[in-house]
Asker: 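Attaching a single structure in structure tokens format; questions to follow.
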Amino acid sequence: MQPFTAQVIEIISAIPAGKVMTYGQVAGAAGSPRAARQVVRILHSMSGKHGLPWHRVVNARGEIAIREEEGFFLQKMFLEGEGVEVTEDGLVNLARYQHHPS
DNA sequence: GCCATGGCTAGTA
DNA sequence: GCCATGGCTAGTA
């Protein structure tokens, strides 16, 4: 496992319940501000094995990024279950719910 | 080659 | 709506 990947996994694991981070934000915190898509890839392929709270990552506008219906719904349900308000369209209020690691 | 992005522009209203 | 970006997993040979 590469250092960047390990960083990303660590950062995402540390997002508290009821909070979200953006793909780009996670990439930046891991040291590569432009590697947002790589964060996507890591979540896509490794969230299962590592038990990552994948649902706590949204795009830069605060939207659920999954197009596929079942995944979208699942992420919405998980977030709402933690007290995060999600609109019908999958929008989360970043000003209110974004996590800023110290 | 993949990917669940991001940011900027053109073009409409 | 378009396209530059980036780090690498999964799976074959």
Side-chain angles (χ1 to χ4, degrees):
Chain A
M1 160 129 38
Q2 304 306 302
F4 178 81
T5 304
Q7 282 292 301
V8 167
I9 287 174
E10 188 179 319
I11 290 161
I12 290 173
S13 298
I15 305 174
K19 291 288 181 178
V20 300
M21 286 182 76
T22 69
Y23 297 99
Q25 187 193 2
V26 171
S32 292
R34 299 202 195 110
R37 299 203 72 148
Q38 183 58 14
V39 172
V40 168
R41 239 188 61 54
I42 291 167
L43 280 173
H44 192 80
S45 59
M46 306 179 71
S47 55
K49 316 294 178 202
H50 294 268
L52 300 179
W54 57 270
H55 59 282
R56 307 214 262 249
V57 188
V58 296
N59 73 17
R61 302 201 295 260
E63 298 163 332
I64 289 176
I66 301 174
R67 329 281 186 191
E68 186 265 319
E69 189 179 0
E70 195 175 315
F72 178 96
F73 183 71
L74 194 59
Q75 181 167 11
K76 189 169 183 288
M77 291 307 287
F78 275 135
L79 287 173
E80 288 174 339
E82 298 179 347
V84 176
E85 289 177 39
V86 185
T87 69
E88 203 68 30
D89 298 334
L91 182 66
V92 171
N93 183 344
L94 284 183
R96 184 165 173 191
Y97 296 109
Q98 187 169 18
H99 173 57
H100 301 282
S102 37

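Below, chain A is the first sequence line, B the second, and so on; all start at residue 1.
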Asker: Rounding to an integer number of Å, can you tell me how far A/Ile9 CD1 sits from C/dC8 C1'?
Answerer: 12 Å
Asker: Return the set of residues passing side-chain hydrogen bond (donor to acceptor under 3.5 Å, both in side chains) with A/Glu80 (not counting sequence neighbours), or none when no residue passes.
Answerer: A/Lys76
Asker: Do A/Gln75 side-chain atoms and A/Gly90 backbone N/O form a donor-acceptor pair below 3.5 Å?
Answerer: no
Asker: How does DNA chain B look in dot-bracket form if you count Watson-Crick and G-U pairs under 3.5 Å, write [ ] for pairs that cross, and put | where a base pairs with another strand?
Answerer: |||.||||.....
Asker: Please give me the minimum heavy-atom distance between A/Gln25 and A/Pro101, naming the atom from each residue.
Answerer: NE2-CD, 3.9 Å
Asker: Check the distance between B/dG6's P and A/Glu63's CD and give it to me in whole angstrom.
Answerer: 10 Å
Asker: If you look at every heavy atom in A/Leu52 and A/Ser13, which pair is closest and at what distance?
Answerer: CD2-OG, 3.3 Å
Asker: Is the CD atom of A/Glu68 crowded by more than 12 outside heavy atoms at less than 6.0 Å?
Answerer: yes
Asker: Let me know the distance between CD1 of A/Ile64 and P of B/dT5, rounded to the nearest Å.
Answerer: 13 Å
Asker: Looking at A/Asn59 and A/Arg61, would you say the former's side chain and the latter's main chain have a donor-acceptor pair under 3.5 Å?
Answerer: yes
Asker: Is any side-chain N or O of A/Arg34 under 3.5 Å from a base N or O of C/dT5, one able to act as donor and the other as acceptor?
Answerer: no
Asker: How many Å lie between CG on A/Leu79 and C1' on B/dA4, as a whole number?
Answerer: 13 Å
Asker: Take the angle between the ring planes of A/Phe78 and A/Trp54 and call it parallel below 30°, perpendicular above 60°, tilted in between.
Answerer: perpendicular
Asker: Shorter than 3.5 Å, N or O on both sides, protein versus nucleotides 9-13 of chain C: list them out with atom names.
Answerer:
from   : atom 1 : to      : atom 2 : distance (Å)
C/dT9  : OP1    : A/Thr5  : OG1    : 3.4
C/dT9  : O4'    : A/Arg41 : NH2    : 2.7
C/dA10 : OP1    : A/Ser45 : O      : 3.3

Asker: Round to the nearest Å and state the distance from A/Glu70 atom CD to B/dA4 atom P.
Answerer: 15 Å
Asker: Using atom CG of A/Leu43 as one end and atom C1' of B/dA4 as the other, report the distance to the nearest whole Å.
Answerer: 8 Å
Asker: Once you round it to whole Å, what is the distance between C1' of B/dG7 and CD of A/Gln25?
Answerer: 17 Å
Asker: For a quick test of reading the model: is some side-chain N or O of A/Arg67 closer than 4.0 Å to OP1 or OP2 of B/dT5?
Answerer: yes
Asker: Please report, rounded to the nearest Å, how far the P atom of C/dC3 is from the CZ atom of A/Arg37.
Answerer: 14 Å
Asker: Between B/dC3 and C/dT12, how many Å separate the two P atoms, rounded to a whole number?
Answerer: 15 Å
Asker: Checking side chain to side chain contact (heavy atoms under 4.5 Å, CB included) against A/Ile11, which of A/Val26, A/Val39, A/Val57 comes through?
Answerer: A/Val26
Asker: From the set C/dG7, B/dA4, B/dG6, return the single nucleotide nearest to any side-chain atom of A/Ile66.
Answerer: B/dA4
Asker: Hey, does A/Phe4 reach any base, or is it just sugar-phosphate, or nothing, if we go heavy atoms under 4.0 Å?
Answerer: sugar-phosphate
Asker: Just by distance, do the side chain of A/Glu63 and the backbone of A/Ala65 share a donor-acceptor pair under 3.5 Å?
Answerer: no
